[in-house]
Every structure is written in C-alpha cells, then in structure tokens.
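These figures come from a predicted structure and were not determined experimentally. We use all heavy atoms of the structure for the numbers below, so side chains are in, but hydrogens, waters and symmetry mates are not. Protein chains get the first letters and strands the later ones, always in sequence-line order, with residue 1 at the start of each.
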Protein chains: 2
Amino acid sequence: MTVMQTKPADTARTAPADICSAPPRRHPRPDGQDRYTISEVVAFTGLTAHTLRWYERIGLMPHVDRSHTGQRRYSNRDLDWLDFVTKLRLTGMPVADMVRYAELVREGESTYAERQELLESTRRDVLTRIAELHDTLSVLDHKISFYAAGK
Amino acid sequence: MTVMQTKPADTARTAPADICSAPPRRHPRPDGQDRYTISEVVAFTGLTAHTLRWYERIGLMPHVDRSHTGQRRYSNRDLDWLDFVTKLRLTGMPVADMVRYAELVREGESTYAERQELLESTRRDVLTRIAELHDTLSVLDHKISFYAAGK
DNA sequence: TATGACCTTCGAGTGCACTCCAGGCAAGCG
DNA sequence: CGCTTGCCTGGAGTGCACTCGAAGGTCATA
C-alpha cells in the first residue's frame, strides 16, 4: 500500500454525515490526517475496494471527496460512518435498510424522529438476537458436556 | 392442514440421530404422536415445506420415514433435530458445516471427538457474535440517546 | 520513457440459501 | 365420477451481498 501525498484537509467540507459520531475508534488512524486513499480504508476497515465503491454506488456512503485526478479521498467522518455501517451489518440488518438510514441522514434534522425509531427497532432486533444466541449457547453447552462425558 | 391418520410409531426405528437430544421443546406437539406430515412440521417449525425437502436433499436431515404412499412422516426425533439445526442457523453457521455435523452423526460413535470440536468452535463463534452485538448495542444506545435529547 | 502500482467506471458473474414450478399421484367428499 | 387438497420429484429461478473483469487513466520511480 502506498501512502499518498495529501493536501491539507478541507476544513470547509459540509458533506452531510451523521452528526452523532461514535467516540471509540476501532481502527488506528494516523493523527492529523483526514484524506485517505481507498487502499488505506481497505486496510483500516477490512472491506474490499470493490465493496467500498459498491457502497457508494447504492447510496450507503455519503459522497466521498475526490482528489484532483478523481480518486476517492475518505475523511475520518467517512471512516466513522463505515464503522457504524459495519456494526449494523453485524446485526443482520439488510443493506436496503441501511441505505434508508443513510437517506434520512442526508435529508437533515427533520428526520431525527424517524432515525430514532429506526435505531430503536434495530435495538430490539439486537436484543432478540442476543437472547437467541444465549439460548443456542445453552444447547451447545449441553451437547458439549455430553460429548465430553461420553468419551 | 390435515391431521393424517397415523400408524402407531415404529418403536424399532433405528435411524441415526443425535443421541443427545434437547430437553426443552419449543413447539407444542400432540402427545403420544410420532409421525407428523410435512405440513404439521411446517406449522411446528416455521420452515417451509420446500425448505424441509431441500434439507433432506442436501443431507442435512437424517432419512425421514415415509408412509405407504411415499409421503414423509417426521418423528419427534426429527423435530428435535430441526430445532437444533434452526439454532445453529441462527448462529450464522453455513449450511455446509451443518451438513458436515449431520454426516458425523450418521457415522456413529467414532466421531464423538470431532463433533465435540465442531460444537466447541461454534460455541466460540457464538460468544464472539454476542460480544459484537453488545458492542453494537452500546453504539445504538449512544445514538438513540442523542436523538432523544436532540428533539 | 517505460514500468508497475494504483486508481477509475460499468456491467457481468458468483455463492449462498432458499423458493418456485411443472407435472403427476393418492385420498376424501358430494 | 369428478373435484379439491395435499403431497411427491427434479430442476430451474430468485434475491441478496458482494466480487470480479475489462479497458483505460494517473503517478512515482528507474
């Protein structure tokens, strides 16, 4: 991976993004930098470049800034968004629903209520899935102890 | 759904099944019955008839008994197996891996160790997924409280 | 100036887990 | 007897979430 030469970050960027950003950063990012190439983002997130471009095409990413030659330059805010999307994906949320949330974010403050609803419904799903997994865990433990005793 | 006329259950059935059956029954089953039609199993499990036949084709089900006219007759043991498979599916285990486990069960006692290993690795996956979901939950809670305060 | 690493787009292809369809058999009912 | 319902089979189709390929542009270094 080549770490590209970067211009100083545009402080005036007004790309719509989720106002409420996640405080804990899971991927180390070089300090004082705000313009990452796609291959850097691949390294940070574990997603493929193809998937990153595809997310953009389907409207799951806010518009990503470009270099003067047309190459993508991701901001820290974009990385935060990708972290969030990755978490939503882990809950089993369909991509279409995540796109819907992204649209609400783009539409601005007037969609706060709807966003809150969507997240609350997702929260309920997550709690259900956790309960199911605990249930499964107890079945697994039961069977494992059977095999452990049996031989 | 038609509740079919049933013969008394073959007590001599020796179909290979997981010796270690799950004690808690999640779907109500009529007492004293051991031969269910496919549509009864659909009602019990929530799976579709297509999916049940497909599970059999790919080797995920032990061989299901048939009526004299060739229709499937599921036993309580088959239902236990389906409950277990459904739980494994919830963990995100690929169908191919479940088929592998089913094969081990068919091969008999000599595969106890390998079955135990497989279940233990699944157990680790489940714990990981639970941790991921808790992580996601805290992000959701953070955002929800932001929206709740913000409007 | 040429090589190779990196990037671009758009459209097509892949793998998984179902899901459906066509064509047909068997049983119960008026 | 004919109608309806339920079930059978094998193979084809669907939807999702990527994943890849082709053709070509850009850029730093040899």
Task: Cationic N near anionic O, under 4.0 Å, A:Arg100 to A:Glu114 - done: yes
Task: Those residues that, when tested against B:Ser138, pass side-chain hydrogen bond (donor to acceptor under 3.5 Å, both in side chains) (two or more places apart) - done: none
- [ ] Just jot down the salt bridge (Lys or Arg N to Asp or Glu O under 4.0 Å) partners of A:Glu120, sequence neighbours excluded, or say none.
- [x] none
Task: Spacing of A:Glu40 atom CD relative to C:dC6 atom P, expressed in whole Å - done: 11 Å
Task: Residues that A:Arg53 engages under side chain to side chain contact (heavy atoms under 4.5 Å, CB included), provided they are two or more places apart - done: A:Ile38, A:Ala49, A:His50, A:Arg72
Open item on the list: Over 60° means perpendicular and under 30° means parallel, so tell me whether A:Trp81 and A:Tyr101 are parallel, tilted or perpendicular.
Closed with: parallel
Open item on the list: So, using side chain to side chain contact (heavy atoms under 4.5 Å, CB included) as the criterion, who are the partners of B:Thr136 when residues are at least two apart?
Closed with: A:Lys87, A:Thr91, B:Leu140
- [ ] Write down the distance between CG (B:Leu52) and C1' (D:dC8), rounded to a whole number of angstrom.
- [x] 14 Å
Open item on the list: Rounding to an integer number of Å, can you tell me how far A:Ile38 CD1 sits from C:dC6 P?
Closed with: 13 Å
Task: Non-neighbouring partners of A:Glu117 that pass salt bridge (Lys or Arg N to Asp or Glu O under 4.0 Å), sequence neighbours left out - done: none
Open item on the list: Under the rule for salt bridge (Lys or Arg N to Asp or Glu O under 4.0 Å), what residues qualify as partners of A:Arg124, not counting sequence neighbours?
Closed with: none
Task: Distance below 4.0 Å between B:Thr37 side-chain N/O and D:dG6 OP1 or OP2 - done: no
- [ ] Under the salt bridge (Lys or Arg N to Asp or Glu O under 4.0 Å) rule, collect the residues that match up with A:Arg89, sequence neighbours excluded.
- [x] none
Open item on the list: How many whole angstroms separate atom NE2 of B:His50 from atom P of D:dC8?
Closed with: 11 Å
Open item on the list: Tell me the interatomic distance from B:Glu56, atom CD, to D:dG11, atom C1', rounded to whole angstroms.
Closed with: 17 Å
- [ ] Tell me what A:Arg72 touches on the nucleic acid: a base, only sugar-phosphate, or nothing, going by heavy atoms under 4.0 Å.
- [x] sugar-phosphate
TODO: Measure the distance from CD1 on B:Ile58 to C1' on C:dT19 and round it to the nearest whole Å.
DONE: 14 Å
TODO: Please state how far atom CZ in B:Arg53 lies from atom P in C:dA22, giving the value in whole angstrom units.
DONE: 15 Å
Open item on the list: Of the listed nucleotides (D:dC27, D:dT9, C:dA26), which one gets closest to any side-chain atom of B:Thr69?
Closed with: C:dA26
TODO: Would you please name every residue forming a side chain to side chain contact (heavy atoms under 4.5 Å, CB included) with A:Thr111, sequence neighbours left out?
DONE: A:Leu104, A:Glu107, A:Arg115
- [ ] Measure the angle between the two terminal helix axes of the helix from C:dT1-D:dA30 to C:dG30-D:dC1, five base pairs each, and quote it to 10°.
- [x] 10°
Open item on the list: Strictly under 4.0 angstrom, non-hydrogen atoms only: write out the protein contact profile of nucleotides 12-18 of chain D, one letter per nucleotide from the 5' end, B, S or -.
Closed with: -----SB
Please tabulate, one pair per line, each protein N/O and nucleotide N/O from nucleotides 23-25 of chain D that are separated by under 3.5 Å, including the distance.
none

- [ ] With sequence neighbours left out, write down each residue that passes side chain to side chain contact (heavy atoms under 4.5 Å, CB included) with A:Thr128, or none if nothing qualifies.
- [x] A:Glu132
